Amino acid sequence: MHYNSFEIEKKWQHYWQEHAINEPSDDKSKAKKYILSMFPYPSGRIHMGHVRNYSIGDAIARHARTQGFNVLHPIGWDSFGMPAENAAIKHHLHPKKWTYENIDYMRGELESLGLSFSKKREFATSDPLYSKFEQAFIIKMYEKGLLYEKSQTVNWCESCHTVLANEQVIEGCCWRCDNAVALKEMPGYYIKITAYAQELLDDLKTLEKGWPKQVLTMQENWIGRSEGLEFSLALSPDSVEKLGENFDAFTVFTTRADTIYGVTYAALAPEHAIVKYLIEHKLLDEAKISALTAMQNMSERDRGTAQKEGVDLGISVIHPLTGEAIAVWSANFVLAGYGGGAVMSVPAHDERDYEFARKYNLPLKEVIYHDSSDLETSAYTAKGILTNSATFDGMDNEAAKAAVISHFESEGLGKRVVNYKLRDWGISRQRYWGAPIPFVHCSSCGIVPEREENLPITLPDDVEITGEGNPLDSHPAWKQCSCPVCGRDAERETDTMDTFVQSSWYFLRYCSENDPTEAFKKEDVDYWMNVDQYVGGIEHAILHLLYARFFTKALRDLGYISSDEPFANLLTQGMVLKDGAKMSKSKGNTVDPDAIIKEYGADTARLFILFAAPPQKELEWNDSAVEGAFKFIKRFAERAENAQTMQQLPDIDHQALDKNEQLARKKVYEALKKSNEVYAGNFAFNTLVAACMEALNALGSQKNTAVWSEGYFILANVLEPIIPHICWELSERLFNLQNLKAIAIKEEVFIENSLTLAVSINGKRRDEIEVSKDADKETILSLAKEQCAKWLEDKEIIKEIYVPDKLINIVVK
RNA sequence: GCGGAUGUGGUGAAAUUGGUAUACACGCCAGACUUAGGAUCUGGUGCCUCACGGCGUGAAGGUUCAAGUCCUUUCAUCCGCACCA
């Protein structure tokens with residue numbers, strides 16, 4: 001058969017659509033598989049990363065379908081976001097027009113790859129209907145106290161003109177444009193993800209089997225649980241007076257309660273309320289005030305690399321156990337958002353405090369003793385015995401942690417607490433192309449949610465995108481509304497939601513077929529969730545995957561769904577590289593998927609991508625290997641001439657076959673066996689393709705038509721998830737499509753009459769012998785010795801080892 | 001600094017419980033066919049050596065009859081977090 005990829009692919013893409021083979025069944029009694037590749041942002045054209053992502057997901061989905069599962073394999077568009085506005089500024093296109101035109105174009109590109117998506121469930125997150133349900137969720141969260149508004153210091157990206165969540169700041173830079181992030185005090189809406197910190201941490205354990213360890217570790221670190229002592233440091237009477245009696249104490253948190261007697265000073269974040277008060281009321285000299293304001297204005301990134309710096313605030317607190325007065329400083333390395341923005345400082349046993357104390361000549365007090373401790377050169381932070389610590393002296397420091405906390409608790413001085421690094425999720429974005437936050441500012445009622453019957457709050461089309469300011473804010477009429485509570489004139493919130501809100505629940509919307517009345521039906525979600533296999537890039541290890549996990553739990557607690565975790569199994573694919581670097585327009589090393597499909601076909605692109613590396617690893621693009629993939633498909637198509645038309649597997653008397661024929665059958669069934677293994681979990685498609693190539697090579701060294709036919713019956717089945725078009729074509733021509741379902745393995749082909757055993761002398765392989773299947777150990781060993789006589793001359797045999805079916809090892813001296 | 005991962009031919013990569021290292025492919029070499037083509041087919045291809053043979057999975061040790069695989073130490077690369085008290 002002459003291989004014309006273009007005609008074959010067009011024909012089958014049309015057929016699949018016509019026969020709706022990709023649509024799941026409504027029959028909920030069937031066993032299901034929910035296979036999901038992360039949905040794309042419609043940037044304009046697909047790139048090789050998409051091809052890889054969707055080829056992997058499609059192979060898994062197609063395989064599940066041939067195994068008889070009811071398969072949900074949907075696609076949609078993560079279509080709100082900044083690039084649409086950037087395009088609007090650059091090309092004077094409306095973001096909506098740009099976005100939906102991109103979607104139409106990219107949908108065609110994905111179709112040309114032969115991806116078996118369910119069409120009926122497709123949507124874009126910028127569809128008003130999607131916003132409607134999302135806004136309703138947000139209001140529900142607000143009503144349950146899971147969403148609140150506050151003003152605080154936030155991460156501000158000057159180039160995107162918007163606020164960023166903590167997760168979206170990568171090494172002090174914006175996740176999207178890589179610009180340095182500045183700090184800015186602003187009002188915004190926050191989702192209380194911290195209320196779920198413990199559950200998000202605990203449930204990582206339930207994902208250990210299905211998620212890569214790396215992702216679990218990253219999430220664990222991000223949540224950052226730590227246990228310790230929280231207590232109050234009372235200000236001295238003269239300090240209280242100095243602060244106009246506005247403060248009498250501040251709270252600190254420590255994980256080193258055992259070092260409590262080593263405290264020699266305390267330090268406040270530059271943003272701490274006491275520091276702000278001192279500056280406002282000019283209670284410090286000018287040099288100190290300017291030092292403090294400089295510290296406040298420094299970005300988070302610069303603070304991370306800056307030298308330790310501080311200012312003596314001229315106030316003091318009372319040590320809760322000793323009653324001593326302790327100086328209070330403000331230091332640039334104390335974080336405002338963690339543990340109350342204040343710390344107790346133990347320079348003898350904390351590296352940061354040590355460095356700071358050395359710089360400003362503050363006293364050190366040793367309270368943990370160990371032989372290897374040398375406070376002249378560095379802080380001692382490891383294990384030891386307590387000293388200078390009153391009644392705790394002589395205790396092991398680990399035991400002392402608990403003892404000190406108990407002491408604080410029984411004296412009413414403090415308590416054991418758990419702290420998390422995770423912060424609440426700020427979702428306000430000062431941008432146009434996003435889902436409006438459904439709240440109204442009323443001068444008498446304050447901030448109130450919009451009424452559900454008024455949802456969705458949609459974006460106005462008549463805006464000019466200039467990149468300066470938020471068009472919703474400057475729009476003449478859009479924000480004017482009436483208060484949903486009192487009916488008086490009010491103003492809409494003009495911030496829009498972080499686009500990660502949309503991607504936090506899209507997998508739920510797919511469960512029901514684009515229902516206009518509900519986000520999803522509970523019974524559909526109960527049937528389809530959880531996602532059995534999720535496929536996507538490692539770059540979402542924290543961002544999207546943490547938010548989606550949170551949303552699932554929150555929606556569960558709001559009564560919408562029953563899942564605890566959205567994604568049972570996660571496959572993080574590696575990047576596609578060219579010349580050792582990530583493909584990118586700026587480097588000019590991209591390969592256009594459309595061009596590859598045009599030249600070789602979708603099957604070739606898919607085969608190369610799945611064959612060149614295991615999916616989790618980086619994939620180096622290689623033009624001649626692509627050519628090689630094409631040649632394999634061509635050979636596969638041409639050699640189909642050796643097979644005969646049939647509707648089921650032929651009966652073959654294995655014992656009557658010659659050696660090559662038997663080997664060919666064995667290789668074919670090995671490929672089938674491999675297929676079952678690969679889809680059961682490790683997804684090593686590269687080894688599966690190799691097994692198929694071996695099988696085809698083995699078929700080529702024999703001439704038995706029945707063996708050829710059986711081989712094609714099975715290989716077209718095994719390869720269908722990877723190169724579906726050519727496989728359907730061959731299956732139709734040869735087998736009336738009867739081979740595209742689960743095939744049982746015939747174990748008889750693996751039974752051998754004789755075996756080949758390796759013979760090693762002192763562990764080094766020297767020769768091999770062929771023995772009959774039921775030869776006994778003595779016979780085998782004597783044959784081995786006979787055949788390897790030249791290695792045994794003048795040697796004394798010390799030991800003879802026989803590993804059945806594998807090898808013989810003779811140890812000599 | 002902390003955490004995670006990865007080191008195997010010229011290249012991408014294989015290798016059940018420890019059991020014939022380099023499957024499969026790319027590249028390269030030779031040959032066949034040939035309207036001399038970047039087509040197709042056949043054979044070869046870890047390194048050193050004319051050969052016998054020796055050496056080989058980042059490096060060094062160890063356990064074992066047997067180690068890519070297990071243990072210890074170490075080096076390199078990549079990724080993530082980064083003053084979280």
Side-chain angles (χ1 to χ4, degrees), chain A residues 170-172 212-222 224-226 228-229 252-257 259 266-267 269 300-301 303-306 308 331-346 349-353 355-356 381 419-423 538-539 541-542 574-575 577 607-608 611-614 616-629 631-632 634-635 638 677 684 686-697 700 756-768 798-812:
Chain A
I170 312 292
E171 288 182 11
K213 203 175 170 183
Q214 189 192 5
V215 176
L216 296 173
T217 311
M218 283 167 72
Q219 293 222 349
E220 194 182 324
N221 293 341
W222 189 262
R225 180 192 156 103
S226 63
L229 170 67
V252 294
F253 171 73
T254 180
T255 56
R256 293 297 306 272
T259 63
E300 208 168 324
R301 182 189 178 77
R303 280 195 217 190
T305 52
K308 293 206 178 357
N332 62 346
F333 64 91
V334 179
L335 302 173
Y338 187 79
V343 295
M344 66 175 215
S345 298
V346 186
H349 305 294
D350 182 282
E351 281 165 18
R352 298 154 299 186
D353 297 343
E355 193 186 329
F356 192 80
T381 57
N419 250 315
Y420 302 91
K421 288 204 273 186
L422 184 69
R423 314 289 163 82
I538 186 78
E539 67 273 18
I542 294 173
M575 285 191 303
L577 309 179
L607 180 65
F608 167 73
F611 178 55
Q616 298 86 348
K617 271 193 79 165
E618 288 176 339
L619 171 84
E620 175 71 33
W621 190 264
N622 179 335
D623 289 326
S624 46
V626 174
E627 182 86 30
K631 285 178 189 170
F632 169 76
K634 195 167 164 237
R635 207 156 49 232
E638 284 165 357
E677 282 166 28
N686 53 328
T687 62
L688 176 56
V689 173
C692 292
M693 287 173 167
E694 282 189 66
L696 187 64
N697 291 343
T756 306
L757 299 172
V759 184
S760 305
I761 313 292
N762 287 345
K764 181 80 196 166
R765 180 180 173 274
R766 292 301 182 187
D767 207 342
E768 57 186 35
I798 297 171
K799 206 166 181 181
E800 293 168 347
I801 288 139
Y802 167 55
V803 183
D805 299 347
K806 293 252 164 66
L807 53 72
I808 293 125
N809 191 17
I810 299 170
V811 186
V812 298

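Reckoned from all heavy atoms, side chains included, excluding hydrogens, waters and symmetry mates. None of the values given here were measured: they were computed from a predicted structure. Within every chain, numbering begins at 1; the chains are lettered A, B, ... in the order of the sequence lines, protein sequences first and strands thereafter.
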Describe the nucleic acid contact of [X] in one word from base, sugar-phosphate, nothing, applying a heavy-atom distance below 4.0 Å.
X: A/Lys634; answer: nothing
X: A/Phe611; answer: base
X: A/Val343; answer: base
X: A/Ala306; answer: base
X: A/Asn686; answer: sugar-phosphate
X: A/Glu694; answer: sugar-phosphate
X: A/Val334; answer: base
X: A/Arg225; answer: nothing

What interatomic distance, in whole Å, is found between [atom1] of [M] and the corresponding atom of [N]?
N: B/C83; M: B/U69; atom1: P; answer: 38 Å
N: B/A76; M: B/U57; atom1: C1'; answer: 16 Å
N: B/U73; M: B/G4; atom1: P; answer: 14 Å
N: B/A60; M: B/C75; atom1: C1'; answer: 10 Å
N: B/G18; M: B/G10; atom1: C1'; answer: 30 Å
N: B/A23; M: B/C47; atom1: P; answer: 13 Å
N: B/G1; M: B/G68; atom1: C1'; answer: 32 Å
N: B/U34; M: B/A39; atom1: C1'; answer: 10 Å

Any [X] side-chain nitrogen or oxygen under 4.0 Å from OP1 or OP2 of [N]:
X: A/Ser226; N: B/A85; value: yes
X: A/Asn697; N: B/A25; value: yes
X: A/Lys631; N: B/U40; value: yes

With both distances under 3.5 Å as the test, what is the Watson-Crick or G-U wobble partner of [N]?
N: B/U6; value: B/A76
N: B/C28; value: B/G44
N: B/A67; value: none
N: B/G1; value: B/C81
N: B/A14; value: none

- Item | Donor-acceptor under 3.5 Å (A/Asn419 side chain, A/Ser226 main chain) | no
- Of A/Asp350 and A/Ala613, the one whose closest RNA chain B nucleotide lies more 5': A/Ala613
- Note on the structure: Contacts of A/Arg256 and A/Leu807 projected onto RNA chain B by closest heavy atom; the upstream (5') one is A/Leu807
Look at the side chain of [X] and decide which nucleotide, out of [options], has an atom nearest to it.
X: A/Ala612; options: B/G12, B/A13, B/A82; answer: B/G12
X: A/Lys421; options: B/C81, B/C26, B/A14; answer: B/C81
X: A/Trp222; options: B/C65, B/A82, B/A85; answer: B/A82
X: A/Ala690; options: B/G19, B/A23, B/C81; answer: B/A23
X: A/Ser624; options: B/G27, B/A15, B/C24; answer: B/G27

Round to a whole Å and report the spacing from [atom1] of [X] to [atom2] of [N].
X: A/Arg303; N: B/A85; atom1: CZ; atom2: C1'; result: 16 Å
X: A/Glu351; N: B/C83; atom1: CD; atom2: P; result: 14 Å
X: A/Trp621; N: B/A25; atom1: CH2; atom2: C1'; result: 15 Å
X: A/Glu618; N: B/A13; atom1: CD; atom2: C1'; result: 14 Å
X: A/Asn622; N: B/C26; atom1: CG; atom2: C1'; result: 6 Å
X: A/Glu638; N: B/A39; atom1: CD; atom2: P; result: 14 Å
X: A/Leu619; N: B/U11; atom1: CG; atom2: P; result: 17 Å
X: A/Lys799; N: B/G19; atom1: NZ; atom2: C1'; result: 14 Å

- ring-ring contact (aromatic ring centres under 6.0 Å, His included) filter on A/Trp222, not counting sequence neighbours, yields none
Just the atom pairs and distances: protein N or O near nucleotides 3-9 of chain B's N or O, under 3.5 Å.
none

- Can you sort out the partners of A/Leu807 under side-chain contact (heavy atoms from CB on, under 4.5 Å), two or more places apart, ordered by chain and number? A/Ala758, A/Val803
- In chain order, what residues pass the side-chain contact (heavy atoms from CB on, under 4.5 Å) check against A/Ala541, with sequence neighbours excluded? A/Val215, A/Met218, A/Ile538
[X] side, atom [atom1]; [Y] side, atom [atom2] - distance, nearest 0.5 Å:
X: A/Lys617; Y: A/Met575; atom1: NZ; atom2: CE; answer: 13.0 Å
X: A/Ile808; Y: A/Ile761; atom1: CD1; atom2: CD1; answer: 9.5 Å
X: A/Phe632; Y: A/Phe611; atom1: CZ; atom2: CZ; answer: 8.5 Å
X: A/Arg303; Y: A/Leu335; atom1: CZ; atom2: CG; answer: 8.0 Å

- Do A/Lys308's NZ or CZ and the ring of A/Phe333 fall within the cation-pi criteria of under 6.0 Å and 45°? yes
- Looking only at heavy atoms, which two atoms of A/His349 and A/Arg256 are closest? And how far apart? O-NH1, 4.0 Å
- Item | Residue pair A/Met344 / A/Asp353: nearest heavy atoms and the distance that separates them | O-OD2, 3.9 Å
Give me the distances for all protein-to-nucleotides 16-18 of chain B N/O pairs that come in under 3.5 Å?
from: B/U17; atom 1: O4; to: A/Lys806; atom 2: NZ; distance (Å): 3.0

- Query: Is the number of heavy atoms from other residues, nucleotides or ligands under 6.0 Å of A/Glu351 CD greater than 12?
  - Reply: no
- Query: Is the base of B/G43 syn or anti, where syn means the angle lies within 90° of 0?
  - Reply: anti
- Any residue meeting side-chain hydrogen bond (donor to acceptor under 3.5 Å, both in side chains) with A/Glu627, in chain and number order, not counting sequence neighbours: A/Tyr600
